[in-house]
Amino acid sequence: MTKQHCQVAAFLVLVALPITAGQQGTSDARSERGRQFLGLGPAADPVAAERGRQLFTENCAFCHGANATGAEGPDLVRSTIVLHDEKGETIAPVVLKGRPDKGMPSFASLTSAQVYDLAEFLHQRVEQAANRFGYQMQNVITGNPKAGQAFFNGAGHCTGCHSPAGDLAHVASKFEPPDLQAQFLYPSERAPEARKKNSLTPRVIIQLPSGETASGALKRIDDFEVSIWDALGSYRSWPRDEVKVQIEDPLAAHRELLSKYTDADMHNILAYLETLK
Ligand code: HEC
Ligand code: HEC
């Protein structure tokens with residue numbers, strides 16, 4: 001299975017998996033769940049990533065920032081091209097040809113091995129930026145519920161989608177603390193009925209030049225092509241410059257939150273959610 005397949009499969013399968021009590025597992029299993037939740041492939045090769053970091057520092061950091069989170073040039077950690085890259089193949093065309101009209105120079109002299117190393121560095125950055133996986137799930141609640149409530153109503157913008165008296169009422173009675181924590185970090189649907197009502201699977205909507213639209217699960221997106229699996233399971237693809245692409249991910253907010261929480265925020269939110277018995 002290629003990484004693209006894994007990514008799509010991860011979205012499709014993972015969001016459909018029920019979270020049952022006791023499904024906490026080892027930190028490796030947790031890392032895997034976190035990577036899947038974010039649609040990432042296997043962990044980057046650290047040796048290649050280190051070579052890539054040096055190349056990046058010399059050639060790219062000036063525009064994209066030392067951590068690739070953006071400066072003059074865009075944030076590469078949130079770039080769909082980087083997210084959907086496997087081994088440099090979607091990054092390579094951008095790097096080798098550049099986009100001279102838009103301020104991205106070409107690096108035609110980089111070898112494919114060097115592009116691979118750069119890609120591994122970027123994949124590692126994506127994971128590190130979003131990495132809450134090494135974080136220890138709490139069996140003991142140590143956070144401050146008042147601070148958690150303030151975060152919920154304020155910086156976390158949780159009230160845009162949730163209400164403690166509505167959908168989250170009694171949420172703490174439904175899960176043991178470690179599972180409640182997993183559920184707010186990596187929400188997933190639990191019951192098939194809920195899935196039918198309100199799917200959490202990310203969808204891509206493609207607007208064709210004719211004005212017609214097509215939609216399905218994203219297979220791949222790069223500078224030249226976008227492809228999907230449609231509702232009938234058929235593979236369809238279009239040249240990128242002929243269509244408008246819109247990605248709808250009901251859990252986008254949760255995927256973004258993962259890279260924003262401090263450890264204290266996570267403790268505090270859990271303590272607050274625990275008050276919703
Ligand atoms: C002189 C500044 C500059 C340098 C140096 C530079 N970039 Fe860029 N890069 C840009 C700009 C600006 C864009 C956005 C172009 C656009 O708007 O389409 C970009 C876009 C990209 C993208 C596409 C992002 C996306 O999602 O569309 C990738 C990948 C990328 N750069 C990687 C690299 C790598 C790897 C290097 C080093 C080998 C590098 N860049 C060096 C300025 C730079
Ligand atoms: C843009 C919308 C959005 C925002 C913002 C958001 N969530 Fe969610 N959240 C969801 C969706 C969608 C789900 C999936 C389950 C569902 O539909 O309730 C979910 C699920 C959850 C669950 C699991 C509920 C259950 O019954 O299994 C918890 C707990 C949760 N979110 C907490 C939070 C917290 C805490 C924040 C803020 C730090 C937050 N959410 C911000 C959309 C959002």
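All heavy atoms count here, side chains included; hydrogens, waters and symmetry mates do not. Read the numbers this way: they start at 1 and go in the same order the structure lists the ligands and their atoms.
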Tyr272, portion touching ligand 2 at heavy-atom distance under 4.0 Å:
neither

As an exercise, state the distance from CD of Gln183 to CG of Leu270, rounded to the nearest 0.5 Å.
12.5 Å

To the nearest 0.5 Å, tell me how far Tyr235 OH sits from Ile228 CD1.
10.0 Å

Please state which protein non-hydrogen atom is closest to atom 13 (C) of ligand 1 and give its distance, to 0.1 Å?
Pro74 CD, 3.3 Å

Would Tyr261 count as a polar contact of ligand 2, with the cut-off being nitrogen or oxygen pairs under 3.5 Å?
no

Report, rounded to 10°, the angle at atom 8 (Fe) of ligand 1 between the two atoms SD (Met104) and NE2 (His64).
170°

Should the heavy atoms of other residues, nucleotides or ligands under 6.0 Å from CZ of Phe62 be counted, would the total exceed 12?
no

Using a 4.0 Å cut-off to any heavy atom of Cys161, which atoms of ligand 2 qualify?
1 (C), 2 (C), 3 (C), 4 (C), 5 (C), 42 (C), 43 (C)

Report the part of His157 in contact with ligand 2, treating N, CA, C, O as backbone and CB onward as side chain, heavy atoms under 4.0 Å; options are side chain, backbone, both, neither.
backbone

Just how far is it from atom OG of Ser215 to atom CD1 of Ile247, taken to the nearest 0.5 Å?
13.0 Å

For Leu185 and Met266, the nearest pair of non-hydrogen atoms, with its separation, is CD2-SD, 3.5 Å

Quick one: closest heavy-atom pair of Leu180 and Phe175, and the distance?
N-CB, 3.6 Å

Number the atoms of ligand 2 from 1 as they appear, then name those within less than 4.0 Å of a heavy atom of Ala253, with their elements.
1 (C), 3 (C), 4 (C), 5 (C)

Take Leu168 and Phe152 through the test side chain to side chain contact (heavy atoms under 4.5 Å, CB included) and record every step on the way to the result.
CA-CA 12 Å; Leu168 294 185; Phe152 189 93; 3.8 Å; yes

Ranked by distance from atom 18 (O) of ligand 1, the top protein heavy atom is Arg99 NH1, 2.5 Å

Locate the shortest heavy-atom distance separating Val77 from Asp75; write the atom from each residue and the value.
N-OD1, 2.8 Å

Classify the contact between Cys158 and ligand 2 as side chain, backbone, both or neither, using a heavy-atom distance cut-off of under 4.0 Å.
both

Non-hydrogen atoms of Thr90 and Val94 that approach each other most closely
O-CG2, 3.8 Å

Say you draw a straight line from CZ of Arg125 to CD of Glu120; how long is it, rounded to the nearest 0.5 Å?
14.5 Å

Nearest heavy-atom contact between Val204 and Ala217 is CG2-C, 4.0 Å

To which protein heavy atom is atom 12 (C) of ligand 1 closest, and what is the distance rounded to 0.1 Å?
Lys102 O, 3.3 Å

Please identify which atoms of ligand 2 are closer than 4.0 Å to at least one heavy atom of Phe175.
27 (O)

Polar proximity ligand 1 side, Glu72 side, N/O cut 3.5 Å exclusive
no

Got the closest protein heavy atom to atom 34 (C) of ligand 1, with its distance?
Cys60 SG, 3.5 Å

Residue, atom name and distance, where the atom is the protein heavy atom closest to atom 41 (C) of ligand 1
Phe107 CE1, 3.4 Å

Which residue and non-hydrogen atom of the protein lie closest to atom 1 (C) of ligand 1, and at what distance in Å?
Cys63 SG, 2.7 Å

Note: ligand 2 atoms sitting under 4.0 Å from heavy atoms of Leu168 are 24 (C)

Tyr261 vs Phe151 aromatic rings, parallel, tilted or perpendicular, using cut-offs 30° and 60°?
tilted

Find all atoms of ligand 2 within a distance of less than 4.0 Å from any non-hydrogen atom belonging to Leu257, and give their numbers and elements.
37 (C), 38 (C), 41 (C)

Do any N/O atoms on Gln183 end up under 3.5 angstrom from N/O atoms on ligand 2?
yes

Distance, nearest 0.5 Å, that separates SG of Cys158 from CZ of Phe184:
9.0 Å

Run Arg99 and Asp101 through side chain to side chain contact (heavy atoms under 4.5 Å, CB included) and show every step you take.
CA-CA 6 Å; Arg99 292 181 191 157; Asp101 51 325; 4.2 Å; yes

Could you list which atoms of ligand 2 come closer than 4.0 Å to a heavy atom of Ile269?
35 (C)

Which residue supplies the protein heavy atom nearest to atom 42 (C) of ligand 1, what is that atom called, and how far is it?
Gly103 O, 3.2 Å

Gap separating the CG atom of Leu55 from the CZ atom of Arg51, nearest 0.5 angstrom
9.0 Å

Of the listed options Val94, Leu110, Leu76, closest to atom 32 (C) of ligand 1 (non-hydrogen atoms):
Leu76

State the atom name: nearest N, O or S atom of His254 to atom 8 (Fe) of ligand 2.
NE2

Below the 3.5 angstrom mark, is there an N/O of Ser79, backbone or side chain, next to an N/O of ligand 1?
yes

Tell me which protein heavy atom sits closest to atom 5 (C) of ligand 1, plus the residue, atom name and distance to 0.1 Å.
Asn59 O, 3.3 Å

Out of all atoms in ligand 2, which are within 4.0 Å of some heavy atom of Leu251? Include the element for each.
11 (C), 12 (C), 13 (C), 14 (C)

Only heavy atoms of Pro250, strictly under 4.0 Å: list the atoms of ligand 2 that pass.
12 (C)

Hey, is Gly160 one of the residues with a heavy atom under 4.0 angstrom from ligand 2?
no

Run Leu118 and Leu110 through side chain to side chain contact (heavy atoms under 4.5 Å, CB included) and show every step you take.
CA-CA 10 Å; Leu118 280 165; Leu110 290 177; 3.7 Å; yes

